[in-house]
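First comes the structure, then the notes that go with it.
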Protein chains: 2
Amino acid sequence: MPRGNGFGPPWWHGRFRGCGYRVTVPRQAILDVLSRTSKHLSAEDVYITVHKIYPNVGLTTVYRTLELLVEMGLVFRFDFGDNRARYELAMGPKGIMHHHHLVCTNCGRVVDYTDFIDEEKELLSRTEEGLAKKYHFTISNHLIQFYGLCDKCEGKK
Amino acid sequence: MPRGNGFGPPWWHGRFRGCGYRVTVPRQAILDVLSRTSKHLSAEDVYITVHKIYPNVGLTTVYRTLELLVEMGLVFRFDFGDNRARYELAMGPKGIMHHHHLVCTNCGRVVDYTDFIDEEKELLSRTEEGLAKKYHFTISNHLIQFYGLCDKCEGKK
DNA sequence: CCTCTTATTGAAAACGATTTCCACTATCAA
DNA sequence: TTGATAGTGGAAATCGTTTTCAATAAGAGG
């Protein structure tokens with residue numbers, strides 16, 4: 001089982017134990033898969049990848065673990081309109097760059113972008129504060145996505 | 001069949017005919033239902049409402065019609081995390097106020113907000129332009145949602 | 001290192017929203 | 001009015017996800 005950078009157990013061990021969750025082989029394997037890709041994996045994608053190394057890890061466990069990780073805030077779940085949830089690690093030890101998505105409504109291609117994030121962040125935090133006060137919400141997260149046609153699909157439609 | 005304000009056929013007749021689509025009873029009924037509510041209806045919600053007046057309109061047709069309307073840009077499809085698509089009229093004759101959503105991750109309550117929309121619009125159009133140029137996308141739409149706990153759910157978690 | 005509690009697991013079955021199939025119907029251009 | 005065909009409805013199929021339940025293994029305590 002991969003052990004991160006080799007300096008002690010992976011950083012998320014504490015997060016698990018602190019919540020009373022056990023650190024298991026499937027959980028480590030799934031987190032490992034997510035941490036080694038920048039793609040937007042579906043549950044099945046994760047299952048297939050994990051399955052290559054640990055053939056006895058079941059799809060059910062993948063679903064359960066992903067749900068757990070989302071609930072813990074370690075993973076984000078996205079919907080790109082293709083009727084299957086996509087998962088992405090929220091942050092690693094060094095933190096993954098905050099980004100949003102640009103989705104082609106024709107072919108489903110998804111582009112991560114980090115442009116304008118700083119300006120967005122400023123406006124979003126201001127909006128968040130205003131909304132929280134007005135609607136009495138404790139806001140913990142936000143989602144921004146742009147939709148359109150990518151260059152390859154532009155002409156075809 | 002409702003005829004809008006009584007001054008000629010509903011404004012969307014032209015949109016249909018212009019695309020070579022026929023104006024049918026189910027389509028009119030579904031658009032009518034969507035235009036009379038500000039709620040976020042699921043396909044089944046629409047079906048139930050339409051069914052009361054036109055019992056012979058089937059669920060299949062509701063799904064097909066909603067898909068068509070989304071493709072035509074008359075309706076928006078949203079995902080609030082409860083595993084069922086939600087639909088909302090994009091705009092009526094007088095135009096529905098542009099808004100975004102605030103979603104409670106515990107009870108699923110959805111609040112529409114129109115605050116900060118002007119500031120958002122400015123940043124978004126700038127972002128849109130930049131992204132379009134950099135990634136060669138023809139952007140047609142965007143999605144912004146905030147997630148958190150509503151006041152009723154705040155204490156319970 | 002062993003033992004016990006119970007969180008976690010895997011396989012199969014269930015679930016539920018959405019889609020497909022296909023024969024029948026209704027729109028609307030001619 | 002009529003004909004070509006887009007549109008329809010009901011049943012069955014699809015498929016991502018969840019539930020069930022007996023078996024397994026993490027890790028606290030001895």
Side-chain angles (χ1 to χ4, degrees), chain A residues 1 3 9-10 12-31 40-48 50-72 75 77-87 108, chain B residues 1 9-10 12-31 33 40-72 74-75 77-87 108:
Chain A
M1 183 57 50
R3 288 279 160 179
W12 38 264
H13 271 216
R15 288 289 290 272
F16 272 76
R17 306 300 305 117
C19 297
Y21 298 131
R22 293 178 180 171
V23 177
T24 67
V25 170
R27 287 175 181 173
Q28 294 180 81
I30 290 164
L31 269 168
H40 318 98
L41 302 180
S42 66
E44 198 184 353
D45 292 334
V46 173
Y47 170 70
I48 290 170
V50 168
H51 201 258
K52 284 177 190 161
I53 310 174
Y54 302 94
N56 50 338
V57 171
L59 180 56
T60 306
T61 296
V62 172
Y63 274 106
R64 270 190 299 235
T65 301
L66 288 171
E67 185 187 6
L68 182 73
L69 295 174
V70 169
E71 196 199 307
M72 291 174 71
V75 164
R77 187 206 316 259
F78 294 100
D79 165 46
F80 296 140
D82 62 346
N83 296 327
R84 46 176 54 195
R86 302 281 173 168
Y87 300 87
Chain B
M1 182 58 48
W12 37 264
H13 270 215
R15 289 289 292 271
F16 273 76
R17 306 301 305 117
C19 296
Y21 298 132
R22 294 179 181 173
V23 178
T24 67
V25 169
R27 287 177 181 173
Q28 293 181 80
I30 289 164
L31 269 169
V33 166
H40 317 99
L41 303 181
S42 66
E44 199 185 354
D45 293 335
V46 172
Y47 170 69
I48 290 170
T49 310
V50 167
H51 201 258
K52 284 176 190 160
I53 310 175
Y54 302 94
N56 49 339
V57 171
L59 180 57
T60 304
T61 296
V62 172
Y63 273 106
R64 270 189 298 231
T65 301
L66 288 171
E67 186 187 5
L68 181 72
L69 295 174
V70 168
E71 196 199 306
M72 290 174 71
L74 296 180
V75 165
R77 186 208 314 259
F78 294 99
D79 165 45
F80 297 139
D82 61 347
N83 295 327
R84 45 176 53 193
R86 303 280 172 168
Y87 300 87

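Given the structure is predicted, the values throughout are model-derived calculations rather than measurements. Reckoned from all heavy atoms, side chains included, excluding hydrogens, waters and symmetry mates. Lettering of chains follows the sequences in order, A, B, ..., and the numbering in each one begins at 1.
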| What integer distance in Å separates L59(B):CG from dA17(C):C1'? | 9 Å

| said: Of the options dT9(C), dG10(C), dT18(D), whose atoms approach the side-chain atoms of V57(A) most closely? | reply: dG10(C)

| request: Let me know the distance between CZ of R27(B) and P of dT8(D), rounded to the nearest Å. | output: 5 Å

| query | If you take atom types as modelled and just measure distance, does the side chain of R64(A) reach the base of dG10(C) with a donor-acceptor pair under 3.5 Å? | reply | yes

| Which of these nucleotides, dT27(C), dG9(D), dG27(D), is closest to any side-chain atom of R22(B)? | dT27(C)

| message | From OH of Y47(A) over to C1' of dT9(C), roughly how many Å is that when rounded to an integer? | response | 13 Å

| field | Separation of atom CG in D79(A) from atom P in dT18(C), rounded to whole Å | value | 11 Å

| request: Using whole Å, report how far CG of L31(A) lies from P of dT8(C). | output: 14 Å

| said: From OH of Y21(B) over to C1' of dT5(D), roughly how many Å is that when rounded to an integer? | reply: 15 Å

| message | If you go through the side-chain atoms of T60(A), does one of them form a donor-acceptor pair with the base of dA12(C) closer than 3.5 Å? | response | yes

| query | Parallel, tilted or perpendicular for Y47(A) and H51(A), by the 30°/60° rule? | reply | tilted

| said: Can you confirm whether or not the ring centre of F78(B) sits under 6.0 Å from the ring centre of H40(B)? | reply: no

| task | Write down the distance between CD (E44(B)) and C1' (dT19(C)), rounded to a whole number of angstrom. | result | 16 Å

| request: Look at the side chain of R84(B) and the base of dA17(C), then say whether one donor and one acceptor between them are separated by less than 3.5 Å. | output: no

| query | From dT8(D), dT5(D), dG10(C), pick the nucleotide closest to the side chain of T24(B)? | reply | dT8(D)

